[in-house]
J.: 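Please read through the structure below; I'll follow up with questions.
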Protein chains: 2
Amino acid sequence: MKVTINDVAKLAGVSMKTVSRVINKEPSVRKKTYDQVMQAVKELNYQPNIAARNLAGTSSFAIGLVYDNPNAYYVIDMQNGVLSRCRDEGYELVIHPCESNSENMAEEFVTMIKRSRLAGLVLTPPLSEQQAIIDMLDELGIHYVRLLSGRAQEAESSANNCIFVDDYAAAYEITEHLIQLGHNKIAFVLGDEEHKSTAERLAGYRDALKAHDIKQDDTLLYHGTYSFESGVKGAKALLADGNPNQITAILGGNDEVAAGALFAARLMNIEIPGQLSISGFEDSPFSRQTWPKLTTAHQANNIISEHAARLLFSKTRGHRKNDKEVSHVFTPSMVVRESTGRVTQ
Amino acid sequence: MKVTINDVAKLAGVSMKTVSRVINKEPSVRKKTYDQVMQAVKELNYQPNIAARNLAGTSSFAIGLVYDNPNAYYVIDMQNGVLSRCRDEGYELVIHPCESNSENMAEEFVTMIKRSRLAGLVLTPPLSEQQAIIDMLDELGIHYVRLLSGRAQEAESSANNCIFVDDYAAAYEITEHLIQLGHNKIAFVLGDEEHKSTAERLAGYRDALKAHDIKQDDTLLYHGTYSFESGVKGAKALLADGNPNQITAILGGNDEVAAGALFAARLMNIEIPGQLSISGFEDSPFSRQTWPKLTTAHQANNIISEHAARLLFSKTRGHRKNDKEVSHVFTPSMVVRESTGRVTQ
DNA sequence: AAGCAATTTGACAGCGTTGTCATTTTGGCA
DNA sequence: TGCCAAAATGACAACGCTGTCAAATTGCTT
């Protein structure tokens, strides 16, 4: 019933240590030996015991995914991306949702790391942006990869453990798309202030306006959060009193915000996109389930997170030279659907 | 830096084994000794090493959550419920998304269990309903708890490792709600045929109609899946050609389906709830983000899954007699929002 | 105060793997 | 052929905890 490394060793006629070498893809095992061992592994359907490996080895066979994000679609995508890499590598994934502003977060964090002796961590925003956390991890000597909002040039000068999503470029593109449709009163319902993505997206928006000589008007900015409710509130606020600013388009901080704006527009009997264009950000399944479907910027979270895991593993394990360079910047690309249209007057 | 059980033992002036007893809440430790040990644990901020516990102990300190469900909200709720229990108990959670109809699912399944030596499993539908899986687990001697769709009376006669959600009752209630609003041409866009919840919800719907002497009409049934797209298709099919059946209400198999139906209605310029009532099922955040907001049946997935974990632990560990009875049936309760209204003609 | 069962504690050997370091084998070269 | 460095393999002791079983302590009872 229970097959140990010892059984395999006996069957293959080698020592346990050699089997261990094969399992761990260590170099300096003769091809012939390797084959013998693999043969035995298959024959016995041997599965290495993770607990024993964790205990005996220097680093454990588990990585953690840390997030503080209410967006279920985002989280699931992240999980699945990391998970698929973990399966390939024979690692376990320990998920760690948390609240970044809670008192004992840091403590819980350390508890988890100590308990599981994690080989590394994938940090998602906004936690990946908190210097205090980064410092703590450095101090503890924990490997980690950060998912961050940032631009291509930033990526080059950055430490080698970051994955960037170029929100700036994406926001620029979306804004330009709206401008090309004839909009010049474009409002923006921003996400959480403390998220770097909020600043990046705002910067992209601003620069696009500037590039097209459209005057900036901060009364068109609504400072909200990355939530549906915030989208509703923001749109209501912006369009209140008969839309004094003559807004013709609203950029949502993300798809949920955009959906919220859509909801508000409906309440106010505003036609989308006839009277008002709305765009999202992220391309979560969400954006295909609103009416009308959202124009948005596609961000492949599952692929991004898979890359993050890949990068983490490349630092963690035997530093195999073949997968040397891992790409570090992802730029969301625009998806035009039905929520944006040419401006009419 | 690294605190072991041995350090604690020394500080507390007892043996390692005694510390172990305290950590594991085993009985027969004198109060005084217990306090001493706990004191030392705190002082050193000792965290038991999971890998070592797993390796040395009979059962491991990790449970698995298995799901095959495209609904992100559902999955996240499940995870969080189970996770909160795991944290309390000092267990790890291994998440295992899978595809129940894939070839090598069973194999992957076993691999995972062997690798991690899981203490137990929480199975969600539709996997929890597959006899082949149950048999396999029984054979392997794995503890598990099943989340199932079923009625109160069923729960009593069932094995002691199931948590039931009374979809029948919920569907009955929703249907009755619609009937009381004057509807008698109530269509139903059903979920996946192989999910037991689909049959249960249909039965509830049927019995409610019967109880109110409304004739059953199977042309009002659309056999779909639990997806948004299915809701769109279903509603389109049901209402095609000028709504020959004079449908005044549509029951969605779940919230996504209902949202899809809503979407289709909008495409067809049908007013909700003026010309058509639509109801959902599950009360995912989703149902508050459609327009209009969905009437639905609230199903507290995070609480349900927490109970499942609780039940699993009660079978796994020291069978503490104090948390003897765990409730086994959850009945979703209706939440009336804006997508259902009185019938008008 | 002695005797005894019940309770509490401890010593020690594993759990299944990997790290260390010693030993054997290999293949190239004189 | 013999020698030697390099490559491949193996023996054995950890890793940090728990299970087993034996020893010590407790608190009754007589």
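The sequence lines fix the lettering, A, B, ..., with proteins before strands; numbering per chain opens at 1. Only this structure's heavy atoms are used, side chains among them; waters, hydrogens and symmetry mates stay out.
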J.: Parallel, tilted or perpendicular, judged at 30° and 60°: which one describes the rings of A:Tyr91 and A:Phe61?
T.: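 If you compare the ring of A:Tyr91 with that of A:Phe61, the planes turn out tilted.
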J.: Identify the two heavy atoms, one from A:Gly150 and one from A:Phe164, that lie closest to each other, and give their separation to 0.1 Å.
T.: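 Result for this residue pair: CA-CD2, 3.6 Å.
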J.: For B:Arg53 and D:dC15, what is the distance between atoms CZ and C1' respectively, to the nearest whole Å?
T.: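 Between C1' of D:dC15 and CZ of B:Arg53: 16 Å.
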J.: Does B:Thr124 reach the main-chain N or O of B:Val66 with its side chain, forming a donor-acceptor pair under 3.5 Å?
T.: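 Confirmed, B:Thr124 side chain pairs with B:Val66 backbone.
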J.: For residues 28-39 of chain A, which residues have at least one heavy atom under 4.0 Å from DNA chain D?
T.: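 Result for residues 28-39 of chain A: A:Ser28, A:Val29, A:Arg30, A:Thr33, sorted by number.
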J.: Whole angstroms only, please: what is the NZ-P distance between B:Lys2 and D:dC17?
T.: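 Going from B:Lys2 (NZ) to D:dC17 (P), I get 10 Å.
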J.: Any side-chain heavy atom of B:Ser20 within less than 4.5 Å of one from B:Ile5?
T.: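 Yes, their side chains come closer than 4.5 Å.
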J.: Would you call the rings of A:Phe330 and A:His307 parallel, tilted or perpendicular, where under 30° means parallel and over 60° means perpendicular?
T.: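 Taking A:His307 first and then A:Phe330, their aromatic rings stand perpendicular (interplane angle over 60°).
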J.: Which value, rounded to the nearest 0.5 Å, describes the distance between B:Ile63 atom CD1 and B:His143 atom NE2?
T.: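 Answer for the CD1-NE2 pair, B:Ile63 versus B:His143, is 12.0 Å.
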J.: Grab the CG-C1' distance between B:Asp7 and D:dG16 for me, whole Å please.
T.: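 Interatomic distance, CG of B:Asp7 to C1' of D:dG16: 11 Å.
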J.: Tell me every residue that passes side-chain hydrogen bond (donor to acceptor under 3.5 Å, both in side chains) with A:Asn45, counting only those two or more places apart in sequence or in another chain.
T.: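 Counting only residues at least two positions away or on another chain, A:Asn45 forms no side-chain hydrogen bond (donor to acceptor under 3.5 Å, both in side chains).
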J.: Scan residues 11-18 of chain A against DNA chain D and write down, sorted by residue number, each residue with any heavy atom closer than 4.0 Å; if none is found, say none.
T.: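 A:Val14, A:Ser15, A:Lys17, A:Thr18, in order of number.
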J.: In degrees, rounded to 10°, what is the bend between the two ends of the helix from C:dA1-D:dT30 to C:dA30-D:dT1, using five pairs at each?
T.: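 Terminal axis comparison yields 40°.
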J.: Would A:Tyr74 and A:Tyr67 count as a close aromatic pair, with their ring centres under 6.0 Å?
T.: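 No, the ring of A:Tyr74 stays outside the 6.0 Å limit from the ring of A:Tyr67, centre to centre.
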J.: Atom CG of A:Leu55 and atom P of D:dA14: how far apart are they, to the nearest Å?
T.: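 A:Leu55 atom CG is separated from D:dA14 atom P by 14 Å.
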J.: I'd like to check the ring pair (Phe, Tyr, Trp, His ring centres under 6.0 Å) partners of B:Phe109; sequence neighbours left out, ordered by chain and number.
T.: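 Ring pair (Phe, Tyr, Trp, His ring centres under 6.0 Å) check on B:Phe109 returns B:His96.
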J.: Does B:Asn24 place a side-chain N or O at less than 4.0 Å from the phosphate oxygens OP1/OP2 of D:dT18?
T.: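 Yes.
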J.: With a sphere of 6.0 Å drawn around CD of A:Glu26, does it hold more than 12 non-hydrogen atoms of other residues, nucleotides or ligands?
T.: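 Count over threshold, so yes.
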J.: Decide yes or no for B:Leu148 and B:Lys196: does some side-chain heavy atom of the first lie under 4.5 Å from some side-chain heavy atom of the second?
T.: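 When only atoms from C-beta onward are counted, B:Lys196 and B:Leu148 do not touch, as no gap falls below 4.5 Å.
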J.: What is the distance from CD1 of A:Ile5 to C1' of D:dA11, rounded to the nearest Å?
T.: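 Rounding to the nearest Å, CD1 of A:Ile5 and C1' of D:dA11 are 14 Å apart.
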J.: Provide the start and end nucleotides, 5' to 3', of the part of DNA chain C that has atoms under 4.0 Å from heavy atoms of chain B.
T.: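 First-to-last contact on DNA chain C, by the 4.0 Å heavy-atom rule, is C:dT8 to C:dG16.
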J.: Nearest heavy-atom pair of B:Leu121 and B:Leu312: which atoms, and what distance?
T.: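 So the two residues come closest at N-CD2, 3.5 Å.
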J.: Could you give the CZ-to-P distance, from A:Phe61 to D:dC15, as a whole number of Å?
T.: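 Answer to the nearest Å: 18 Å.
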J.: Just how far, in rounded Å, is C1' of D:dC15 from CG of A:Asn49?
T.: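 Checked: the CG to C1' distance equals 13 Å.
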J.: How close do A:Ser60 and A:Ala119 get, heavy atom to heavy atom, and via which atoms?
T.: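 It is O-CB, 3.2 Å.
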